[in-house]
Amino acid sequence: MPRPRQTGTQGSSAPRWAARLSSGCGSRIIPSSHPCPHGPDCLDKRQANTAQVSERLIVMLSTGGDPSRAADRPVVTRFAPSPTGYLHIGGARTALFNWLYARGRGGRFLLRIEDTDRERSTPEATAAILRGLTWLGLDWDGEAVSQFDRKDRHAEVARAMLARGSAYKCFSTQEEIEAYREAARAEGRSTLFHSPWREADPATFPDAPYVIRMKAPRDGETVIQDAVQGAVTIRNDQLDDMVCLRSDGTPTYMLAVVVDDHDMGVTHVIRGDDHLNNAARQTMVYRAMEWDVPVWAHIPLIHGPDGKKLSKRHGAVGLEEYQAMGYPAAGMRNYLARLGWSHGDDEFFSSEQAKSWFDLSGIGRAPARLDFKKLENLCGQHIAATDDAALLHEIEAYLAAAERPALSGTQQDGLLRAMYCLKDRAKTFVELIEKAHFALTDRPVLRDEAAQRALDPVSRGILAELTPQLQSASWDRDRLEAIIADVAGAHGLGLGKIAGPLRAALAGRSVSPSVFDMMLVLGREETIARLNGAAG
RNA sequence: GGCCCGUUCGUCUAUCGGUUAGGACACCAGGUUUUCAACCUGGUAAGAGGGGUUCGACUCCCCUACGGGCUGCCA
């Protein structure tokens, strides 16, 4: 049956359902763009920012219920974590994919906090998620939407479904349902709950709390056209009448997701494949409301190095831990993007490249394992490719995240001067700081055991010989190399024999940049002072 | 239990019926070398198993095994 429909570029007349649902603030667009006349509880109380954007969203809202339409509209993706803990590394990758897809197509990337579970949601977790995304460099459009704030709109849709006959009131208590499942299990039957209230006469309704359940079709099948998994068919008799509105009037995830994705104009739902089955039931809500079904893309989960589901025993699962371990955000983005997605043989790439290359068709179907070695390798390449000033900023953020002491002004200067010989040899900021020690420390240079050993009496003697020659030498690399080679040669030694003690004197440890680079960075005065300090 | 998804070198992956199955990380050997790192050269290493379809299958279909997910008034 043909339905009147607006295209993305025209007008103002809302479709039938929009008119029906326009009684509450929920029918407005979410992303905080409107001043809302509906009072303090309305989500849209936030300040308007880009009126232009909301215009566009309104237009998008006015398309009809044809599943194919979503793909034709300007891309809108979202990341919708539940704030029950830190930002999981797998969630971070999901966010990244959504971000990449939207940003690569001039679309919008939205953020929604799925906090309808009041027991488990915490503001701390929300803050941690926002921090994590910010660190990763995934900027979202508009303000983060609180799903809980939209509960009135969810309830409104549930009532609309009731009015349409696609949902019903169910008075079964949780005890009754549990007993039903218990019995079903015992008899080996399906535990899917079949509510006795599905076709009940309203005259028989008790005066008791009820939930609103979806009246899901029992025959036929629901096909999910998934951009990653292909066509996935699920028999409708495998699905039960899911609860949309709890007995306390709050929405369930299954309803809220659909309502919010629809209202936010989400065109592409890219999420973990643990939601693949859910997509079928969610499709039923879209159909019931005659809304556009978004393009689905269910991506495989990330597993630990042992191939098992990622959990705390694998070590770092929270994104912020990676920052504290000294991985640069650019390397993290590169690695995460490459995990489960590919663009031919490209391994090392910038976020700009990733944005232009990213496509749903490049996403793999098998779960991927975390490989820290590869992460490190990529991070090393990104550190080497980042300019010095940007690195300094990132390092300072790393120090704060790792709860390590901040850099003093002189340390910042020293680090910047030494950066050229540091950035090519560090895979993480931990390594970089370790190697930068010579430029960050003051005299007297504290020496570790290995350095102590390198400075035996003979070596100290040679260093003492070296000092006077350095006094008058022109301070460039070639000259320095020549002088040191001469001194070593005079003792019948190779450069290696003298570089050890020199390194110990200058850096106090055995891991550092080349001795010549250190001398160049430190300058004549400081170099000689450190040599004297080691000789004495 | 039922349903859904997956399975190419140790790891991430390329391949989209015809390739000596390619690349990257890791690993091994050699080179360079003042430590660490980087770098150069070379090497080991893969289509889970079994049936089909086809002139031809890693690629399409079925079965099995293994892994994962869903099966909540969690998300």
Side-chain angles (χ1 to χ4, degrees), chain A residues 80-84 114-117 119-121 147 170 172-174 177-178 181 184-185 188-193 209-213 224 226 228-230 232-235 237-240 242-248 250-254 256-257 272-278 280-281 298 300-301 303 305 307-309 335 338-348 361 364-378 380 384 422 424-427 431 434-435 450 454 481 484 488 494-504 507 509-516:
Chain A
S82 64
T84 54
E114 309 234 310
D115 52 359
T116 53
D117 184 343
E119 297 292 305
R120 300 197 299 149
S121 298
Q147 187 162 64
C170 170
S172 296
T173 65
Q174 297 199 52
I177 296 168
E178 194 37 53
R181 292 208 173 101
R185 249 190 300 274
R189 296 196 329 263
S190 160
T191 57
L192 289 183
F193 179 62
Y210 60 87
V211 299
I212 295 181
R213 303 188 94 106
I224 300 156
D226 194 279
V228 174
Q229 311 287 346
V232 178
T233 303
I234 295 173
R235 291 215 318 272
D237 62 15
Q238 296 298 322
L239 270 17
D240 60 2
M242 64 181 180
V243 172
C244 292
L245 209 64
R246 302 186 183 102
S247 52
D248 64 0
T250 61
T252 59
Y253 159 78
M254 217 60 82
V257 177
D273 71 4
D274 48 336
H275 288 288
L276 184 54
N277 286 286
N278 292 338
R281 340 168 81 137
H298 289 93
L301 270 19
H303 287 174
K308 298 292 184 187
K309 189 183 173 186
Y335 177 71
R338 197 63 191 68
L339 206 54
W341 171 77
S342 62
H343 180 262
D345 283 336
D346 293 306
E347 301 282 352
F348 173 69
S361 63
R365 288 157 305 280
R369 305 182 189 197
L370 240 28
D371 180 353
F372 285 86
K373 290 289 194 181
K374 185 145 187 177
L375 205 212
E376 284 182 4
N377 178 281
L378 247 17
L422 256 18
D424 287 334
R425 53 215 309 142
K427 292 194 283 277
E431 276 186 29
E434 165 74 14
K435 288 170 179 178
E481 284 191 28
I484 289 168
L495 184 55
K497 294 297 180 198
I498 198 171
L502 204 43
R503 185 184 315 283
R509 49 188 67 188
S510 52
V511 176
S512 79
S514 114
V515 292
F516 304 111

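Heavy-atom basis, side chains included; hydrogens, waters and symmetry copies ignored. Convention: sequence-line order gives letters A, B, ...; per-chain numbering from 1.
- Among the atoms of the strands shown, none is found under 4.0 Å from any heavy atom of A/Gly380.
- Among the heavy atoms of the strands lying under 4.0 Å from A/Arg120 is at least one base atom, whether or not backbone atoms are also near.
- Distance from the side chain of A/Ser514 is smallest to B/U35 among B/C73, B/U35, B/A75.
- Residue A/Arg246 places at least one side-chain N or O under 4.0 Å from the OP1 or OP2 atom of B/C74.
- When side chains are defined from C-beta on, A/Tyr253 does not count as touching A/Asp117, because their heavy atoms never get closer than 4.5 Å.
- In this structure, of B/C73, B/C4, B/G67, it is B/C4 that holds the atom nearest to the side chain of A/Val232.
- When heavy atoms are screened at a 4.0 angstrom cut-off, A/Thr233 is found touching the sugar-phosphate backbone but no base atom.
- Remark: the A/Ser512 side chain and the B/C36 base include no donor-acceptor N/O pair separated by less than 3.5 Å.
- Among the protein residues, A/Met242 comes within range of no part of the nucleic acid, since none of its heavy atoms lies under 4.0 Å from any strand.
- Rounding to whole angstrom units, CZ of residue A/Arg503 and P of B/C36 are separated by 9 Å.
- Distance, A/Leu378 CG to B/U11 P: 18 Å, rounded to whole Å.
- If you check B/G69, B/C5, B/G68 against the side chain of A/Leu276, the one that comes closest is B/C5.
- Atom CD of A/Glu347 and atom P of B/C12 are 12 Å apart (whole Å).
- Nucleotides B/C62 and B/C74 have their C1' atoms positioned 37 Å apart, rounded to a whole Å.
- Taking atom C1' in both B/A75 and B/G67, the straight-line distance is 23 Å, to the nearest Å.
- A/Asp273 places a side-chain heavy atom less than 4.5 Å from the side chain of A/Gln229.
- Of the residues near RNA chain B, A/His275 and A/Lys497, the one whose nearest nucleotide (by heavy atom distance) lies more toward the 5' end is A/Lys497.
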CA sep, side-chain torsions, deciding dist, call: A/Asp248, A/Arg246, salt bridge (Lys or Arg N to Asp or Glu O under 4.0 Å): CA-CA 5 Å; A/Asp248 64 0; A/Arg246 302 186 183 102; 5.2 Å; no
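- One interatomic measurement links the two molecules: NZ of A/Lys373 to P of B/A26, which rounds to 7 Å at whole-angstrom precision.
- In this entry B/G47 has no Watson-Crick or G-U wobble partner, no candidate having both defining distances under 3.5 Å.
- Across all strands, A/Gln229 comes closer than 4.0 Å only to sugar-phosphate atoms, never to a base (heavy-atom distances).
- Using Watson-Crick or G-U wobble geometry with both donor-acceptor distances under 3.5 Å, B/U34 finds no partner in any strand shown.
- A/Ile498 places its CD1 atom 18 Å from the P atom of B/U33, with the value rounded to the nearest Å.
- Rounded to whole angstrom, the span from the CG atom of A/Asp273 across to the P atom of B/C5 amounts to 11 Å.
- Contact annotation for A/Ser172: base contact, defined as any heavy-atom pair under 4.0 Å involving a base atom.
- One donor-acceptor pair, N or O on each side, does fall under 3.5 Å between the base of B/U35 and the side chain of A/Arg425.
- Counting any heavy atom pair closer than 4.0 Å across all strands shown, A/Phe516 reaches a base atom.
- Here the separation of B/U64 from B/G6, taken at their C1' atoms, is 15 Å to the nearest Å.
- Checking side-chain atoms of A/Ser82 against main-chain N and O of A/Thr84 turns up no donor-acceptor pair under 3.5 Å.
- Shortest non-hydrogen contact noted between A/Asp237 and A/Leu192 is O-CD1, 3.4 Å.
- Side-chain nitrogen and oxygen atoms of A/Ser342 include at least one within less than 4.0 Å of the OP1 or OP2 phosphate oxygen of B/A14.
- With a 3.5 Å ceiling on both atom-pair distances, the Watson-Crick or G-U wobble partner of B/G1 is B/U71.
- Between the C1' atoms of B/A46 and B/C27, the separation comes to 16 Å (whole Å).
- Across all strands shown, B/U41 pairs with B/A29; the Watson-Crick or G-U wobble distances both stay below 3.5 Å.
- Pairing for B/A21 is absent, with no Watson-Crick or G-U wobble pair whose two atom distances lie under 3.5 Å.
- To the nearest angstrom, C1' of B/A75 lies 6 Å from OH of A/Tyr253.
- Distance CG (A/Asp345) to P (B/G22): 11 Å, rounded to an integer number of Å.
- Minimum atom distance to the side chain of A/Ala366 is reached by B/U7, of the listed B/C70, B/C36, B/U7.
- The residue from A/Asp226, A/Asn277, A/Asp274 that alone fulfils the side-chain hydrogen bond (donor to acceptor under 3.5 Å, both in side chains) condition with A/His298 is A/Asp226.
- For B/A65, the paired base is B/U7 (Watson-Crick or G-U wobble, both distances below 3.5 Å).
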Hey, mind stepping through A/Asp240 and A/Arg281 against salt bridge (Lys or Arg N to Asp or Glu O under 4.0 Å) and telling me if it holds? CA-CA 9 Å; A/Asp240 60 2; A/Arg281 340 168 81 137; 2.3 Å; yes
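- Side-chain proximity of A/Arg338 to B/G23, B/C73, B/A38: nearest is B/G23.
- Residue A/His303 has its side chain nearest to B/G68 when only B/C25, B/G68, B/C73 are considered.
- B/C66 and B/G50 have their C1' atoms separated by 15 Å, given to the nearest Å.
- Nearest nucleotide to the side chain of A/Lys435, out of B/G68, B/C70, B/C36: B/C36.
- Between B/A75 and A/Thr84, no contact under 4.0 Å exists linking OP1 or OP2 to a side-chain N or O.
- The shortest side-chain heavy-atom distance between A/Leu502 and A/Phe516 does not fall under the 4.5 Å cut-off.
- One finds a side-chain N or O of A/Arg181 lying less than 4.0 angstrom from the OP1 or OP2 phosphate oxygen of B/G72.
- Going from the P atom of B/A24 to that of B/A14 covers 15 Å, rounded to whole Å.
- Pair check for B/U59 finds none; no Watson-Crick or G-U wobble contact set falls under 3.5 Å.
- Each of A/Glu431 and A/Ala368 lies near RNA chain B, and the nucleotide nearest A/Ala368 is the one positioned closer to the 5' end.
- Residue A/Val243 is in sugar-phosphate contact alone, with no base atom involved, counting any heavy-atom pair closer than 4.0 Å across all strands shown.
- A distance-only check finds no donor-acceptor pair linking the side chain of A/Ser247 to the backbone of A/Tyr210 [under 3.5 Å].
- The nucleotide B/U53 finds no pairing partner, because no Watson-Crick or G-U wobble arrangement with both distances shorter than 3.5 Å includes it.
- Between B/U41 and B/C25, the two P atoms lie 12 Å apart (nearest whole Å).
- Taking atom C1' in both B/A26 and B/C9, the straight-line distance is 11 Å, to the nearest Å.
- Distances shown here put every side-chain N or O of A/Arg235 at or beyond 4.0 Å from the OP1 or OP2 atom of B/C3.
- Of all heavy-atom pairs between A/Ser172 and A/Ile177, the closest is CB-CG1, 4.1 Å.
- Among the atoms of the strands shown, base atoms are found under 4.0 Å from some heavy atom of A/Pro513.
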